[in-house]
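Encoded as C-alpha cells, the structure appears first; notes follow it.
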Amino acid sequence: MDKVRVRFAPSPTGPLHLGGVRTALYDYLFAKNQGGEFVLRIEDTDTARYVEGAEEYIEEALEWCGIIADESPKKGGKFAPYRQSERRDIYDRYTEQILKTDYAYIAFDTAEELDAIRAEYEARGEVFSYDNRTRNQLKNSLTLSEDEIQKLLAEKTPYVVRFRMPVDRTLNLEDIIRGKFSVNTNTLDDKVLVKNDGMPTYHFANIIDDHEMEISHVIRGEEWLPSLGLHTLLYEAMGWEAPHFAHLSLILKPEGKGKLSKRDGDKFGFPVFPLDFTDPATGNVSKGYRESGYLPEAFINMVALLGWSPADDKEILSLDEMVKEFDLNKVHKAGARFSKEKAEWFNHQYMQQKTDGELLKILKDSDLPLTLSDDKLLKVIRLMKERATFPKDIYENGKFFFEAPVSYDEKAAKKAWNDETSAVLSELSQNLETAEFSAESLKQTVHDFAESKGLGMGKVMMPLRLSLVGELKGPDVPDIMELLGKEETTARINNAINNFK
C-alpha cells in the first residue's frame, strides 16, 4: 500500500452536511498533498433511507466546491463500479469467504423474537446485546445442529450474517489524529455484517470496498471511532492489511455544545448544506451556501479551518495553497465551533479579491432585476464592492442606482431638511443644468455653490444625498450623481423638493 488513495463514501440519504463537505475536503487535500488519488464512492446499501436525487446533489455540491474526484460513479475508474448497490456479486463472494472462518455465523432470530428478549432484559433493568454472553442461547448456527440449519435454509428462512466477536481480547488501536488506545472485545457486540435481504451493512461493505479499491487511508467522522475495533478485526478475519485511520472531530454548534445541525442553521439564520436541497417527500427547501451568495472559494476556505490550522495561522488560502500545506497530524482533536460571523468574514474577503468583471458576471447570472447597462453596472460594483459581503449586497445596498426613492427615511429627513432646504436645492438643481457630470467636476460645483451661499457642505450634501438615495447612506454623492446622470439627478432633487413642500 505505497500509493496514497483515499475515499469519500457518503450515503445518498439526504443533502451533504457541512461536516461531510469537510471530510471530503480533508480527503482531497491529503491525497493531493501526498501525490495520491481521491475516490468518490456512493454507499447506497441502506435502501430504506435512500433519497431520490441525493447522489446527484452530492456530486454537484463537491464540484461546486472544487473537490474533484479522480474516480467516481460518473467518471468511472479501474475499480468500478463505485456504487455499492452495483457491487453485490463482490459482496456475495466475500460473504462466502468469511463464513468459512470462525469470525462469522448466520443467525435466524426474527425481529419479533429479539424484541421480546430485549423487553425481558428491560423488565429486569438490564440492556440486551447480541454478543459473546448471549449468542449461545439464541437461534443461530452456533447453537443449532447442522440438520436444523439445513432445514431452515431449505425453507428459505430469512437470516443475517453476524460477526463473531472474540472473547476477552485487548485490541491495541491507533488513529492518526487521536493516537493510540485500547479496546476490550467484551465491550463489543456481534454486529450484523449481511442483512436478511443479502445486502451487506456499512461495516462489511466498506472494508471490502476499501480493500478492493486499495484505499491506504480512511478519513472519516468521529462517530465511526467506536467501530474501529470491529473494522480492524474484519481486516484480520479476511487476512488483509488494514489502512491507516483518522477520525475527525465534530463541527459544533455556534454556542459550542453539541453537533451542528440543520435546526441550528434554521435558528441562527445560516445554511448547513452547500447547495439548496428540496426534499422530494415534502417539497421543503433547505437553504444552501451557494444560493445564499457564498463564493465557493470562501466556503471551502472557511470549512478547511474548522479543525485544521495551517502554518503561521494564515486564514486566507486558495485550494492549491491548502493542498501544499495540509497535514493530517495538524488536524485538531477537539471539536470546531461554527461561526456565522466568521463564515461571512471569509466571503467578504473573497468578494474584495474578485475583479469588477468577475462580480459583473456573478450578478448577471443571478435573478436580480438589473436594469442598468454593463458599463453602469461596473461603476456600481466599483462603488459598492467594499461594503459588500455577498454579491447581492451590491444590488441591495445600491438599490438607489436602479430605482428612484419613493419614500424618505423619516429620521434622516429631520436631520437633513429644514425650511430653507427646498430653496437651496432648487437653486443647486438649476446650476447643475450647465455642470459637467463627472464626479470630480460635480464635487467642485457643489463646493462652489455652498461657498457662494455661505453654507457648510453638510447643509447641501446631506439633503442632496437624501434626495438621491432616500437615506443618508451610500458612496460619495458626486459619484452617485455621475452614475445617475444629469437628467435623473435633477429629477430626483425635484421629487424630493415636492415631497417636502
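In this chain, residues are counted from 1 in sequence order.
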For a quick test of your reading: what N or O donor-acceptor pairs under 3.5 Å do the side chains of residues 288-295 make, sequence neighbours left out?
unit_1 : atom_1 : unit_2 : atom_2 : d
Tyr289 : OH     : Pro271 : O      : 2.8
Arg290 : NH1    : Glu60  : OE2    : 3.0
Arg290 : NH2    : Glu60  : OE2    : 3.2
Glu291 : OE1    : Asp276 : N      : 2.8
Ser292 : OG     : Gly288 : O      : 2.8

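- Listed here is the closest heavy atom pair of Lys75 and Ala69: NZ-O, 2.7 Å.
- Each of Arg41, Glu71, Arg7 was compared with Tyr82 under the side-chain hydrogen bond (donor to acceptor under 3.5 Å, both in side chains) criterion, and only Glu71 meets it.
- At a threshold of 4.5 Å between non-hydrogen side-chain atoms, the residues Ile90 and Glu212 count as touching.
- Under a cutoff of 6.0 Å and an axis angle of 45°, Lys340 and Phe338 do not form a cation-pi pair.
- Shown here is Asn136, whose CG atom has more than 12 heavy atoms of other residues, nucleotides or ligands within 6.0 Å.
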*Could you go through the side chain to side chain contact (heavy atoms under 4.5 Å, CB included) check for Lys32 and Asp70 one step at a time?*
CA-CA 10 Å; Lys32 298 307 166 187; Asp70 298 297; 2.7 Å; yes

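- Residues Glu126 and Arg124 are paired through a salt bridge, judged by an N-O separation under 4.0 Å between the basic side chain and the carboxylate.
- Put simply, the side chain of Ser249 gets close to the backbone of Ala334: a donor and an acceptor are under 3.5 Å apart.
- For Asp365 and Lys361, the salt-bridge test passes: some basic side-chain N is under 4.0 Å from an acidic carboxylate O.
- Ring geometry for Phe270 against Phe268 counts as parallel: the plane angle stays under 30°, on a 0 to 90° scale with 60° as the upper cut.
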*Go through the steps for Lys399 and Asp393 under the test salt bridge (Lys or Arg N to Asp or Glu O under 4.0 Å), then give the verdict.*
CA-CA 9 Å; Lys399 209 167 184 179; Asp393 294 344; over 6 Å; no

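- Contact check for Ile394 versus Leu363: side-chain heavy atoms found under the 4.5 Å cut-off.
- With a 6.0 Å cutoff to the six-membered ring centre and a 45° limit on the axis angle, Lys392 does not count as a cation-pi contact of Tyr395.
- Scanning both residues, Leu306 and Arg337, for their nearest heavy atoms gives CD2-O, 3.7 Å.
- Considering only heavy atoms from C-beta on, Thr143 stays 4.5 Å or farther from Gln137 through its side chain.
- The two residues Ile42 and Pro73 come nearest to each other via the heavy atoms CG1-CG, 3.7 Å.
- Counting heavy atoms from C-beta on, the side chains of Ser182 and Leu173 never come closer than 4.5 Å.
- Ring to ring, Phe299 and Trp64 are close: their centroids are under 6.0 angstrom apart.
- The number of heavy atoms from other shown groups lying within 6.0 Å of NZ (Lys385) is above 12.
- In summary, the side chains of Asp109 and Asn140 do not present any donor paired with an acceptor at a separation below 3.5 Å, with no hydrogens or angles considered.
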*Derivation of the ring-ring contact (aromatic ring centres under 6.0 Å, His included) call for Tyr91 and Phe204*: CA-CA 8 Å; Tyr91 304 137; Phe204 198 36; 7.7 Å; no

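- Nearest heavy-atom pair, Met384 versus Gly398, reported as atom, atom and distance to 0.1 Å: CE-N, 3.9 Å.
- Judged by distance alone, the side chain of Asn206 and the main-chain N or O of Tyr202 form a donor-acceptor pair under 3.5 Å.
- The neighbour count for Tyr159 OH, taken as heavy atoms of other residues, nucleotides or ligands under 6.0 Å away, does not exceed 12.
- A 4.5 Å side-chain heavy-atom check between Leu228 and His247 finds at least one atom pair inside the cut-off.
- Ion pairing between Glu236 and Arg169 holds under the 4.0 Å rule for side-chain N and carboxylate O.
- Salt bridge absent: Glu321 and Lys324 never bring a charged side-chain N and a carboxylate O closer than 4.0 Å.
- Judged purely by distance below 3.5 Å, without hydrogens or angles, the side chains of Asp92 and Thr95 never pair a donor atom with an acceptor atom.
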_Using side chain to side chain contact (heavy atoms under 4.5 Å, CB included), reason through Val160 and Val194 one step at a time and then give a plain yes or no._
CA-CA 6 Å; Val160 299; Val194 182; over 6 Å; no

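- Ion pair Asp266/Lys262 flagged as a salt bridge, since at least one NZ, NE, NH1 or NH2 atom sits closer than 4.0 Å to an Asp/Glu carboxylate oxygen.
- In this structure, CZ in Arg87 is found 12.0 Å from OG1 in Thr45, a value given to the nearest 0.5 Å.
- Listed for the Asn284 side chain is no donor-acceptor partner under 3.5 Å among the backbone atoms of Asp279.
- When all heavy atoms are compared, the tightest approach of Gly36 to Lys3 is CA-NZ, 4.5 Å.
- Within the structure, every pair that satisfies the salt bridge (charged side-chain N to carboxylate O under 4.0 Å, His left out) test and touches residues 143-154, not counting sequence neighbours, is listed here: Lys151-Glu155.
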*asked:* Let's go through Glu255 and Lys257 carefully: what are the C-alpha distance in whole Å and the side-chain angles of both, what is the deciding distance for salt bridge (Lys or Arg N to Asp or Glu O under 4.0 Å) to 0.1 Å, and is it a yes or a no?
replied: CA-CA 6 Å; Glu255 61 267 33; Lys257 293 182 179 179; over 6 Å; no

*Could you check Trp224 against Phe245 for ring-ring contact (aromatic ring centres under 6.0 Å, His included), going step by step and ending with a plain yes or no?*
CA-CA 10 Å; Trp224 294 111; Phe245 289 91; over 10 Å; no

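- The backbone N or O of Thr355 lies less than 3.5 Å from a partner atom in the side chain of Glu358, making a donor-acceptor pair.
- For Phe30 and Phe38, the ring centers sit 6.0 Å or farther from each other.
- Contact annotation: the side chain of Val6 never approaches that of Val39 to less than 4.5 Å [non-hydrogen atoms, C-beta and beyond].
- One finds the NZ atom of Lys191 at 12.5 Å from the CG atom of Leu233 (value rounded to the nearest 0.5 Å).
- Atoms CG and OH, on Leu138 and Tyr105 in that order, are 7.5 Å from each other to the nearest 0.5 Å.
- Taking CG from Asp190 and CZ from Arg133, the interatomic distance works out to 10.5 Å, rounded to the nearest 0.5 Å.
- The CE atom of Met165 sits 4.5 Å away from the CG atom of Leu188 when rounded to the nearest 0.5 Å.
- Comment: Lys314 engages Glu325 in a salt bridge, judged by a side-chain N to carboxylate O separation of less than 4.0 angstrom.
- Atom CG of residue Asp27 and atom CG of residue Leu248 lie 8.0 Å apart, to the nearest 0.5 angstrom.
- Between Glu37 and Lys78, no side-chain nitrogen of the basic residue sits less than 4.0 Å from a carboxylate oxygen of the acidic one, so the salt-bridge criterion is not met.
- Between Ser309 and His332 the shortest side-chain heavy-atom distance falls below 4.5 Å.
- Annotation: side chain of Tyr57 is in contact with side chain of Leu16 (closest heavy-atom distance under 4.5 Å).
- Atom CZ of Arg93 has more than 12 neighbouring heavy atoms from other residues, nucleotides or ligands inside a 6.0 Å radius.
- In terms of heavy atoms, Asn186 sits closest to Pro166 at OD1-O, 4.5 Å.
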Please set out all donor-acceptor pairs under 3.5 angstrom arising from side-chain atoms of residues 115-122, sequence neighbours excluded.
unit_1 : atom_1 : unit_2 : atom_2 : d
Asp115 : OD1    : Arg118 : NH1    : 3.0

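- No option in Asp209, Asp46, Asp44 other than Asp209 meets the side-chain hydrogen bond (donor to acceptor under 3.5 Å, both in side chains) test with Gln84.
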